[in-house]
Number of protein chains: 2
Amino acid sequence: MNIGTAAKQAGLTTKTVRYYANIGLIVPYQNPSSGYREYMESDVAKLQFIGMARRFNFSIDECRELLALYEDRNRSSHDVKTLTMLKIKEIENKIKELQSLKDQLSHLASGCDGDDRPDCPILDALSAGKGQS
Amino acid sequence: MNIGTAAKQAGLTTKTVRYYANIGLIVPYQNPSSGYREYMESDVAKLQFIGMARRFNFSIDECRELLALYEDRNRSSHDVKTLTMLKIKEIENKIKELQSLKDQLSHLASGCDGDDRPDCPILDALSAGKGQS
DNA sequence: ATGAACCTTCCCCTTAAGGTAAAGTAAAGC
DNA sequence: GCTTTACTTTACCTTAAGGGGAAGGTTCAT
């Protein structure tokens, strides 16, 4: 099938699928006479797999690892779990960081009247160099 | 003072400070004979202000707005608070999204033995197209 | 006067594609 | 056979916020 059909089936854009071909992530057979890429069912399955992994915040490079594991019938589930646990830790850290940011901003905002007067503890705090993380 | 000193005082890199000059965020006097940028104390204050706002996840464009408010003695604190509340909402949404991702990944990981055998519910789930967000 | 330390501009690199242009291909209709 | 339409190709530019490094100019201390 052509790239448009494959992309639709995988729930991706043709742009994305073409990008994956260009970076060597999922490289389909390319018809020499037309120059068109030709995708097989198994390619679509991999595209779906990648799409899902991307939705789970795995980077392209991590997707590359996952795909290698996915294609390796002899992989150990240990390897996959390790990658997943690392990703979970990463997400947790990001959440903590954002939570701290939110708390600090909320604190600043709570002190600001938000009226027509120019007095603004938020700007004061930003300019005073307080609140470093 | 020169850019290196200003950057150090503001806790930024010279690369960053030069970037801010290039995009018109904080443009110092530039000595015509040497070509060197010359920063005043008030410039350093603004650089610190921007540095802090960046640490609070404000984008460069938002920093531009904040800086305009910071420099406007007639601004109303309402405008600042509005911007801050929007940023808080944005951060909250990001946190929720990450939390959901984490939960789903944790769920997947909990079903995976993580041993030497190839059976892996994580890969199964990724390839089955389950878990869409 | 020369070397170190600083500064300048310029260009390429990063993530993961999106947008657009110019041109080639395929399939359907007439 | 010819045309239209839909699809595809490569290629280049853009994004956010700088980082890295080259080649060359400036300033300051020795």
Side-chain angles (χ1 to χ4, degrees), chain A residues 1-40 43-44 46-47 49-67 87 90-91 94 97 101, chain B residues 1-40 43-44 46-47 49-67 87 90-91 94 97-98 101 133:
Chain A
M1 75 190 81
N2 285 342
I3 197 171
T5 311
K8 186 162 291 180
Q9 285 190 21
L12 303 173
T13 68
T14 63
K15 201 74 183 175
T16 297
V17 175
R18 199 170 283 124
Y19 174 69
Y20 290 168
N22 287 336
I23 63 173
L25 185 58
I26 295 176
V27 185
Y29 169 72
Q30 194 159 18
N31 188 316
S33 71
S34 70
Y36 281 22
R37 293 176 178 84
E38 292 179 5
Y39 288 84
M40 304 185 301
D43 289 325
V44 173
K46 289 179 200 169
L47 284 172
F49 178 84
I50 297 298
M52 187 66 52
R54 291 286 299 126
R55 257 168 257 138
F56 278 119
N57 251 30
F58 285 97
S59 73
I60 292 285
D61 273 348
E62 286 164 338
C63 286
R64 223 182 274 273
E65 287 185 66
L66 283 174
L67 193 58
K87 179 55 61 180
E90 202 178 294
I91 292 176
K94 190 71 187 171
E97 187 186 324
L101 273 182
Chain B
M1 74 191 81
N2 285 342
I3 196 170
T5 310
K8 185 163 291 180
Q9 286 190 20
L12 303 173
T13 68
T14 62
K15 204 73 181 175
T16 297
V17 175
R18 199 170 285 123
Y19 174 68
Y20 290 168
N22 286 338
I23 63 173
L25 186 58
I26 295 177
V27 186
Y29 170 72
Q30 194 159 16
N31 189 317
S33 70
S34 70
Y36 281 22
R37 293 176 180 82
E38 292 179 7
Y39 288 84
M40 304 186 301
D43 289 325
V44 173
K46 289 179 200 170
L47 285 171
F49 178 84
I50 297 298
M52 187 65 52
R54 291 286 299 129
R55 256 168 258 138
F56 277 119
N57 253 28
F58 285 98
S59 73
I60 293 285
D61 273 348
E62 287 164 337
C63 285
R64 224 182 273 272
E65 287 185 66
L66 283 173
L67 193 58
K87 179 55 62 181
E90 203 178 294
I91 293 175
K94 189 72 188 171
E97 187 186 325
L98 289 177
L101 273 181
S133 60

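All values reported here derive from a predicted model rather than from experimental measurement. Basis for what follows: all heavy atoms, side chains included, without hydrogens, waters or symmetry-related copies. In what follows, chains are A, B, ... by sequence order, proteins preceding strands, each numbered from 1.
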Residue met sooner reading DNA chain C from 5', once A/S59 and B/R37 are mapped to nucleotides: B/R37

B/V44 vs B/M1 side-chain heavy atoms within contact, under 4.5 Å: yes

Closest non-hydrogen atom pair between A/I91 and A/F56, with its separation: CD1-O, 4.5 Å

Derivation of the side-chain contact (heavy atoms from CB on, under 4.5 Å) call for A/I50 and A/Y20: CA-CA 10 Å; A/I50 297 298; A/Y20 290 168; 3.6 Å; yes

Check: B/D43 side chain, B/M40 main-chain N or O, donor-acceptor pair, under 3.5 Å: yes

B/Y36 OH - C/dT9 C1' separation (whole Å): 13 Å

Interatomic distance where CD1 belongs to B/I3 and C1' belongs to C/dT9 [whole Å]: 12 Å

Positions of residues 5-32 of chain B (non-hydrogen atom under 4.0 Å from DNA chain C), listed by number: B/K15, B/R18, B/Q30

Under 3.5 Å donor-acceptor, A/E62 side chain and A/S59 backbone: yes

Chain B footprint on DNA chain D, 5' to 3' - any atom under 4.0 Å from a heavy atom: D/dA17 to D/dT27

Short side-chain donor-acceptor distance under 3.5 Å, A/S33 and A/N31: yes

Axis deviation across the helix from C/dA1-D/dT30 to C/dC30-D/dG1, five-pair ends, to the nearest 10°: 30°

A/G4 vs B/R54, nearer the 5' end of DNA chain D by closest nucleotide: A/G4

Nearest atoms (heavy-atom pairs only) where A/L47 meets A/L12: O-CD1, 3.9 Å

Pairwise side-chain contact, B/R18 with B/R37, heavy-atom cut-off 4.5 Å (strictly under): yes

Heavy-atom donor-acceptor pair, A/Q30 side chain to A/G35 backbone, under 3.5 Å: yes

Within 45° cone and under 6.0 Å: A/K87 NZ/CZ vs A/F58 ring: yes

